[in-house]
Amino acid sequence: MDPSYDPQQIEAKWQERWAREKLFEADPDPARRKYYVLEMLPYPSGDIHMGHVRNYSIGDALARYLRMLGYNVLHPIGWDAFGLPAENAAIKSGRHPSEFTFSYIDRMRGQLQRLGFSYDWRREVASCVPEYYRWNQWFFIKMFERGLAYRKKSRVNWCAKCETVLANEQVVNGCCWRHEDTLVEERELEQWFLRITAYADALLDDMKEMVRWPERVLAMQRNWIGKSAGAEVEFPVDGLEESMRIFTTRIDTIFGCTAVFLAPDHPLMEKFVAASPAPDALRREAERIRASSLQARLDVNFRKEGAPTGFTARNPFNGESVPVWIANFVLTGYGTGAVMAVPAHDQRDFEFCSAYGLKIRTVIVPESAVGAGPNPPANGEGAASSALTKAFTEDGVLVNSGPYSGLGSAEARERMTRDAETQGFGKGTIQYRLKDWGVSRQRYWGTPIPMIYCSGCGVVPVPESDLPVVLPRNVKLTGQGRAALATVPEFVAVKCPKCGGPAERETDTMDTFVDSSWYFYRYTDPKIDTAPINREAVKYWFPVDQYIGGIEHAILHLIYMRFFTKVMRDLGLVEFSEPVARLFTQGMVIKDGAKMSKSKGNVVDPVAMCARYGADAVRLYMLFAAPPEKDLDWSDAGIEGAARFLNRVYRLVARHAGRLRGVSAWQASGDAGGSNGLSAAERRLLRKAHQTLRHVTEDMEERWHFNTDVALTMELSNEIGALEDAIEAGSIRAEVLKSALEILVLTLAIFVPHLSDELWEGLGHSGSTLRVAWPKFDAGLAAEEELEIPVQVNGKLRARIGVPASAGEDEIRLRALAEPKVREHLAGLHVVRIIIVPQKLVNIVAK
RNA sequence: GCCGAAGUGGCGGAAUUGGCAGACGCGCUACAUUCAGGGUGUAGUGCCCGUCAGGGCGUGGAGGUUCGAGUCCUCUCUUCGGCACCA
């Protein structure tokens, strides 16, 4: 072996051999256990960044470990290749987005290969080719046929920088997810929606199956879906042939309702304006409050504002007429856009009613208050209300509530909902925060929505046989005005598939999150052209056993992909409801306290790091610097340390390799434990080796604390180094040394594959470590033979005694009590109790 | 406000079921290597007192359970993430 470590040369050599031997290719084999390791596919932005490297280093360690364990491992990668950055670059430069995209893909593929990730490159998928996106169109049409894709005019989120519509999931703090400084505007547009709300309950219920997903992701999704059970109640408007439905989760408080609040753009407002004695004033008020409510969404210290409509509505439970107000905190899009105001028991209502001098009536008291002290005034108003400083929002016991007084909140909700249903003025309902997924984008670089508008036949889907609707190439991209595709007459003009008459194509494209909602199915047979997926291949490889990616997709991609799988199940394409058995979300790579980004100028280029330290060092550092789920703070000194360690390992093996090439590694002989004939130094060496192996093996199964795995390999390497004298002196035989070195190399193989393969070869083997079975640790060899047991007196450490691991309690007790330090601290006391934890510690309790 | 995660040396972090707090690495200090620098090697490195021996303190804070608590319980503070006048 070369005496010095040259990562560039070694890595190039092994990458070439891995490719030549097709080492990472996997095909279905019913005779073998399969494992599908999936990492989130990158957007081809030009260069991979450290976040990718971290993500893929984790996945690669797992994929390599499982292959060595004998699994048939599917480990693919692809490109989320449609999207705005390429289109924007194209607008600036006048070149076509595909030029950027494909050249970036080539470049980034080379970078991933430079890092030596073990992907099956035959399965590479790019979402921007017609062979892929035609199936987006196919899914869209299938959904349209089932009423899951529909078109409606609605107020949508519009980003002026993106010049397109955003899904609710893409709005962050009122701003665009890509432009954190750009407020999202509202626009009224005809848009295509996917009916994800039809699966709201399934998305919640099926979480029961997702026991190996991180709780925080499930919590975020639960939050996002926002299911709440309540009731709708009809309030007739006095003097008009109209009524309004309110939604409440607290029907038990309805006797405390002293007003009704309407969203400023509630449909009923037009009727009110028409019937109002002062229509113009009312319209102006509504408009003013609507404007303030839009502002308010972005303002933390937003003030509640409203105005009376001049109308009253009747509470069907007690027949009482209460004023109807417009209020700026009531949302049109949630519930019915109207709420009953119960100021005594809802903090928002309390603030509003206090500000405008509306009545406040207590109808719920804490259980503890029942019978204790005077009851609230019969009508609950006056004194009680003026004493209130905030709403009592908890459950309790009903008072001032007619026939329901005395009931507990929970029971009252049930009874009152039932009574409302029987009497026909209300019903129990469930509301979701989740909205249907708006997928229309007024942009060019995406999947054309396969729909045709015919003046005679209406909206007609493109026939399946005409798919794909190919994205035309000759488009002048300006980023201005309406959808770019609308400027291509030969694209727009089409014959109606139904009547043959002149018709027009839809010119919007799909949200790119559609592309990534099912790409991981496509990997199982990326070339199939008769269907989106190959059912047989999917049956073999699915579910994804392990998905790894960033937490930032918790409620975007990770909810869409679940939705798509359920649709695919209902289309008969797959037989399961959840695609991913286990999810792992890795932390971000940050530097100087901030996420790496070009604008902050704190980006560390992985390719430059590979050139300087080698891919193995970069990957090792990514795994060693922090546990994988936590954020990792990049440190230049840290990667130096990783590189130094690899150097030490290289020199360690190289120093002995020549002598060990022809030697076969020491094997435990038949007897249990098999340590017969080993010297003390040999036992010590093998113990450390097998302890390391045990730790890494157990850790890879569940815990994934790669940082501690790497630490153990460092300890093993240090231990071998420390035994150099014993090796020189011959008290460690070559066979035993070889065994320890092999364990070191094979353990490292899942983290630093190039170096490990080189060292493996140096030790006299041919071929990659990936073809070697993961070694089994020997529990007997790993067991300590002599233990150093701490002895405490009254919980304070006073001495340590060295005893054989096999020592019994009696022996340990005698040894502990004989210890001079212990006797010193026991002087003048009498021993009350001695606690002996075998193999662990002794605690002497004395007074 | 609701939900979730997390607080341990100068730094990243270890401590899997309650049992030696600080593994491993970085940084730092000293020494060595005929040593320009870098590299490499050896030793040391939680804090305080002490020349040593040794002693005391110590896992955000306050209580508690226990022979024994970073770990369990109660309260509390702080930080980060998600949702948010969602009725």
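A note on names: the letters A, B, ... follow the listed sequences, proteins ahead of strands, and every chain is numbered from 1.
Taking the side chain of A/Phe329 as heavy atoms from C-beta on, and the options B/A87, B/G41, B/C86, the nearest nucleotide is B/A87. The side chain of A/Arg833 lies closest to B/C67 when the candidates are B/G39, B/C67, B/G55. The side chain of A/Asn707 has B/G13 as its nearest neighbour among B/C57, B/G13, B/U16.
Comparing B/G64 with B/G10, their C1' atoms sit 34 Å apart, to the nearest whole Å. For the P atoms, the distance from B/U66 to B/A84 is 46 Å, rounded to whole Å. For the C1' atoms, the distance linking B/C47 with B/U59 amounts to 13 Å, nearest Å. Distance check on atom C1': B/G7 versus B/A14 gives 16 Å, rounded to whole Å. Using P as the reference atom, B/C57 and B/A69 are 13 Å apart when rounded to the nearest Å.
A donor N or O paired with an acceptor N or O is not found under 3.5 Å between the base of B/C83 and the side-chain atoms of A/Asn223.
Between atom NZ of residue A/Lys847 and atom CZ of residue A/Arg833 there is a gap of 11.0 Å, rounded to the nearest 0.5 Å. With rounding to the nearest 0.5 angstrom, the CG atom of A/Leu755 is 11.5 Å from the CZ atom of A/Arg619.
For B/C24, the paired nucleotide is B/G12, the pair qualifying as Watson-Crick or G-U wobble because both relevant distances are below 3.5 Å. A 3.5 Å limit on both hydrogen-bonding distances identifies B/C73 as the Watson-Crick or G-U partner of B/G63. The partner of B/G81, taking Watson-Crick or G-U wobble pairs whose two distances both stay under 3.5 Å, is B/C3. Across all strands shown, B/U33 forms a Watson-Crick or G-U wobble pair with B/G39, both key distances being under 3.5 Å. Under the Watson-Crick or G-U wobble criterion, with both distances below 3.5 Å, B/C47 is paired with B/G56. Across all strands shown, B/G68 forms no Watson-Crick or G-U wobble pair with both key distances under 3.5 Å.
Computed from coordinates, the A/Glu215 CD to B/C3 C1' distance equals 9 Å when rounded to whole Å.
At the heavy-atom level, A/Thr249 lies under 4.0 Å from the strands shown only through sugar-phosphate atoms. Counting non-hydrogen atoms under 4.0 angstrom, A/Val845 reaches the backbone sugars and phosphates but no base. Note on A/Lys821: only backbone sugar-phosphate atoms sit closer than 4.0 angstrom, heavy atoms only; bases stay farther off. Here A/Thr713 lies out of heavy-atom contact (under 4.0 Å) with every strand. No engagement by A/Arg694 is indicated, since no non-hydrogen atom pair under 4.0 Å with the nucleic acid exists. Within the nucleic acid shown, A/Asp699 has no heavy atom closer than 4.0 Å to any nucleic acid atom.
The backbone N or O of A/Ile289 lies less than 3.5 Å from no partner atom in the side chain of A/Asn328, so there is not a single donor-acceptor pair.
Across the interface with RNA chain B, nearest-nucleotide mapping of A/Asp349 and A/Ala722 shows A/Ala722 to be the residue nearer the 5′ end.
Ion pairing between A/Arg413 and A/Asp395 holds under the 4.0 Å rule for side-chain N and carboxylate O.
Contact detail for A/Val217 and A/Ala554: the closest heavy-atom pair is CG1-CB, 4.2 Å.
Taking side-chain N and O atoms only, A/Arg651 has a distance below 4.0 Å to OP1 or OP2 of B/G41.
Few gaps surround NZ on A/Lys227; more than 12 heavy atoms of other groups in view lie less than 6.0 Å from it.
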